[in-house]
Amino acid sequence: VLAGRLAKTKDLAISELGVLFGIGAAFMHSALIPHFRRVKLPLLAPFAGYYGAGHRRPLTGLPVPRDAVPRNLRRIGVADDDPVILQGLSTDAEVRDAAERHGPYGVVVIDGDHSADGVRADYEGFADMLRTGGILVIDDYGSDDWPAVTEFVDGTIKADERFKLLTVIGKTALFK
């Protein structure tokens with residue numbers, strides 16, 4: 001929400017990589033919509049495909065069904081035309097192409113595959129979809145559960161001259 005509030009635009013587009021149940025997207029939309037004419041949400045997730053058919057999310061033990069996202073977004077009052085669900089891996093060419101068509105973004109939230117290769121692929125594939133002055137959000141930075149996220153941020157993003165670290169709030173790093 002803080003990242004979205006920094007956007008200098010009338011229409012805000014936020015791409016979230018790793019949406020799970022859509023609760024974070026619903027919260028961002030409801031908190032930001034009073035400040036923008038529209039908050040568009042291209043949401044990327046493989047849903048059950050990431051963990052395999054019939055598998056549950058490792059940290060919670062819950063299934064990750066696709067239909068939970070629009071249901072949760074509707075429950076909080078998100079207009080049906082604001083979210084766009086892009087199902088698949090962020091490394092899939094068709095998913096990335098679709099995401100690019102919805103940009104450029106005021107905010108890109110990287111919270112998908114937390115492996116070293118996954119974080120690198122998300123960064124390399126989506127950081128350039130930010131509009132000038134946009135905010136890159138890296139979730140789980142500094143988390144003991146996901147050390148590859150911290151290692152990638154410290155070794156690559158902090159060294160990238162295109163980005164400046166704005167702040168770290170809890171386990172979330174924001175770059176402009």
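Keep in mind that what you see is a predicted model, and the values were worked out from it rather than measured. Keep in mind that the numbers below use all heavy atoms, side chains included, and drop hydrogens, waters and symmetry copies.
With Lys171 contributing its side chain and Gly142 its backbone, the two residues share a donor-acceptor pair below 3.5 Å. Side-chain atoms of Thr9 come within 3.5 Å of backbone atoms of Asp11 as a donor-acceptor pair (strictly under, hydrogens ignored). When atom types are taken as modelled, the side chain of Ser30 and the backbone of Phe27 share a donor-acceptor pair closer than 3.5 angstrom. Of the possible donor and acceptor atoms, none in the side chain of Lys164 sits under 3.5 Å from a partner among the backbone N and O of Phe175. Side-chain atoms of Asp82 never come within 3.5 Å of backbone atoms of Leu41 as a donor-acceptor pair (strictly under, hydrogens ignored). Put simply, the side chain of Asp92 never gets that close to the backbone of Gly88: no donor and acceptor are under 3.5 Å apart.
The CZ atom of Arg38 sits 8.0 Å away from the NE2 atom of His29 when rounded to the nearest 0.5 Å.
Test Ile135, Leu136, Val107 against Leu130 for side-chain contact (heavy atoms from CB on, under 4.5 Å) and you get one pass: Leu136. Screening Val137, Asp139, Asp122 for a side-chain contact (heavy atoms from CB on, under 4.5 Å) involving Ile110 leaves a single residue, Asp122.
Within 6.0 Å of atom CG in Asp67, more than 12 heavy atoms from other residues, nucleotides or ligands are found, so the atom counts as buried in its surroundings. Within a 6.0 Å sphere centred on CZ of Arg5, heavy atoms belonging to other residues, nucleotides or ligands number 12 at most.
A donor atom on one side chain and an acceptor atom on the other are not found under 3.5 Å apart for Asp117 and Ser115.
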